[in-house]
There are 2 protein chains.
Amino acid sequence: MDTTREYKIGDFAKLVGLTTFTLRYYENEGLIQPHRNRNGRRFYTTQDSRWVGFLLHLKGTGMTMTELKQYVQLRAQGDQTIAQRKALLRQVQTRCRNEIAERKANLTILNHKIDWYDGKLTHEISDDESFADYLKKFNENS
Amino acid sequence: MDTTREYKIGDFAKLVGLTTFTLRYYENEGLIQPHRNRNGRRFYTTQDSRWVGFLLHLKGTGMTMTELKQYVQLRAQGDQTIAQRKALLRQVQTRCRNEIAERKANLTILNHKIDWYDGKLTHEISDDESFADYLKKFNENS
DNA sequence: TTTTGACTTAGAGTTAACTTTAAGTGGTAG
DNA sequence: CTACCACTTAAAGTTAACTCTAAGTCAAAA
């Protein structure tokens, strides 16, 4: 493993799947702190790509910029903020779980609707059975 | 069951959990077609609330306004568009499944991070074990 | 050496899906 | 009767998270 490589912003952008605009934006917001060479140009390391990777995982859970900034601030204050960071992540975790559950529930309805269309197309469902009626078959538990 | 009730826009809004603004907006976009009384005021029926309920389920899968409008247009053309409607919903279904999967994967990382903080707080994880190292324990498959 | 890429700041533009306002009219419930 | 709710159109405002531009300077790759 090469842990000492340095990337210019353009190359790093490709590496992590962001644009240079976004990288500078994140930097502005305090989420990333690239290094500078003697000419004042940014460079990024493998370490930085790991951090950005983690950031993107957090983003992917629905964590907002505001929350990410809070998180980064806490992180900068060292180990005494671990409990607070954990609390923050727990909040994001709960919300994310709820969103997934809700999304799944909606997807289930969509699945049934598609099945219903299937039935219509293959004439397994009579012409006059409504989707509402059809849905009742899956409602043992409500 | 009372299937003949009529609701004024304000009451209907409460019933379905939207604002009157949003109801008029959806109507404008062609997603809802309320009835009018002799004074030109909108009223909505139980039928309408079922339709809005379904709309909201579709929205909840990540279906966009544009897609919903397409869907409603197809619906208005009758049974000969069932295959097209099914195709549209399938596309939404696939995207929704992918998004859920991605979200779950990100949540898994978040879960591990929280566990890692837990370990730090209870000193089950040594002070110098990095999260990256910790994560490796779960990476049998990558 | 020419083109490509990086640097700066401040600010404008983008996107989706609402959300609200204005400004005036006119039913309706308590 | 009075407060409240509904009606209209057109347009502006909101939010988050980017995304891009301008305008000029400067370094580096082909």
Side-chain angles (χ1 to χ4, degrees), chain A residues 5-45 48 52 54-72 91-92 95-96 99 102-103 106, chain B residues 5-45 48 52 54-72 91-92 95-96 99 102-103 106:
Chain A
R5 228 189 120 173
E6 297 181 356
Y7 299 88
K8 289 184 296 177
I9 193 167
D11 295 333
F12 189 71
K14 273 168 206 157
L15 180 69
V16 299
L18 295 173
T19 66
T20 58
F21 294 120
T22 306
L23 285 173
R24 287 195 207 95
Y25 167 65
Y26 281 179
E27 181 179 346
N28 234 307
E29 300 296 304
L31 301 187
I32 308 176
Q33 278 192 264
H35 319 268
R36 301 282 176 147
N37 68 15
R38 54 191 161 354
N39 298 310
R41 302 234 174 141
R42 289 168 183 83
F43 70 86
Y44 300 79
T45 65
D48 295 322
V52 171
F54 180 56
L55 266 192
L56 294 180
H57 281 306
L58 291 183
K59 286 219 100 241
T61 65
M63 194 166 175
T64 64
M65 286 303 272
T66 308
E67 286 164 337
L68 281 168
K69 285 187 224 171
Q70 275 173 46
Y71 180 71
V72 167
Q91 178 186 311
V92 175
R95 190 180 54 213
C96 183
E99 283 168 3
E102 216 181 297
R103 195 96 175 201
N106 289 316
Chain B
R5 228 188 122 176
E6 297 180 357
Y7 300 88
K8 289 185 295 176
I9 192 166
D11 295 334
F12 189 71
K14 272 168 207 155
L15 180 68
V16 299
L18 296 173
T19 67
T20 58
F21 295 119
T22 306
L23 285 173
R24 288 193 207 97
Y25 166 65
Y26 282 178
E27 181 180 346
N28 235 307
E29 300 297 303
L31 301 187
I32 309 175
Q33 279 191 263
H35 319 268
R36 300 281 175 148
N37 68 15
R38 52 190 162 353
N39 297 309
R41 300 234 174 141
R42 291 169 182 83
F43 70 86
Y44 300 79
T45 66
D48 295 322
V52 171
F54 181 56
L55 266 191
L56 294 181
H57 282 305
L58 291 183
K59 286 219 102 244
T61 65
M63 194 168 176
T64 64
M65 286 303 270
T66 307
E67 287 165 335
L68 281 167
K69 285 186 222 172
Q70 275 173 46
Y71 180 72
V72 167
Q91 178 187 312
V92 175
R95 189 180 55 212
C96 184
E99 283 169 3
E102 215 181 297
R103 195 96 175 204
N106 289 317

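Each chain gets a letter, A, B and so on, in the order its sequence line appears, and its residues count up from 1. On a predicted model such as this, the values are computed, not experimentally measured, just so you know.
- In terms of heavy-atom proximity, A/G62 sits nearest to A/R95 at O-NH2, 3.2 Å.
- Residues of residues 57-66 of chain B that place a heavy atom closer than 4.0 Å to DNA chain C, in numerical order, are B/K59, B/T64, B/M65.
- Among all heavy-atom pairs drawn from B/K59 and B/Y26, the shortest one is CD-OH, 3.4 Å.
- Taken to the nearest 0.5 Å, the CG atom of B/L18 stands 7.0 Å off from the CD1 atom of B/I32.
- Two residues, A/Y25 and B/D11, neighbour DNA chain D, and the one matched to the more 5' nucleotide by heavy-atom proximity is B/D11.
- Taking atom CG of A/L23 as the reference point, atom C1' of C/dT8 lies 17 Å away to the nearest angstrom.
- Here the closest non-hydrogen pair linking B/V16 and B/L56 is O-CD1, 3.8 Å.
- Along DNA chain D, read 5' to 3', the first and last nucleotides having any atom under 4.0 Å from a heavy atom of chain A are D/dA17 to D/dA28.
- From B/R5, atom CZ reaches atom CG of B/D48 across 13.5 Å, with rounding to the nearest 0.5 Å.
- Between A/T45 and A/F12, the shortest heavy-atom contact is O-CE1, 3.9 Å.
- For B/Y26 and C/dA17, the shortest distance from a side-chain N or O to OP1 or OP2 is not below 4.0 Å.
- As a whole-Å value, the separation of A/Y44 OH from C/dG5 P is 16 Å.
- Between A/T66 and A/Q70, some side-chain heavy-atom pair lies under the 4.5 Å cut-off.
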>> One pair to check against salt bridge (charged side-chain N to carboxylate O under 4.0 Å, His left out): B/R36 and B/E27. What are the steps and the verdict?
In response: CA-CA 13 Å; B/R36 300 281 175 148; B/E27 181 180 346; 3.2 Å; yes
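- Closest non-hydrogen pair, B/R103 versus A/G60, comes out as CD-O, 3.5 Å.
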>> Output one letter per nucleotide in nucleotides 21-30 of chain C: B when a protein non-hydrogen atom lies under 4.0 Å from the base, S when only the sugar-phosphate is that close, - when neither is.
In response: B----BBS--
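- Pairing each heavy atom of B/L15 with each of B/Y7, the nearest pair is CD2-CZ, 3.6 Å.
- Considering only side-chain N and O atoms, B/R24 lies nowhere under 4.0 angstrom from the phosphate OP1 or OP2 of C/dC18.
- Taking side-chain N and O atoms only, B/T22 has no distance below 4.0 Å to OP1 or OP2 of C/dA17.
- Within 6.0 Å of atom CD in B/E102, 12 or fewer heavy atoms from other residues, nucleotides or ligands are found, so the atom counts as exposed in its surroundings.
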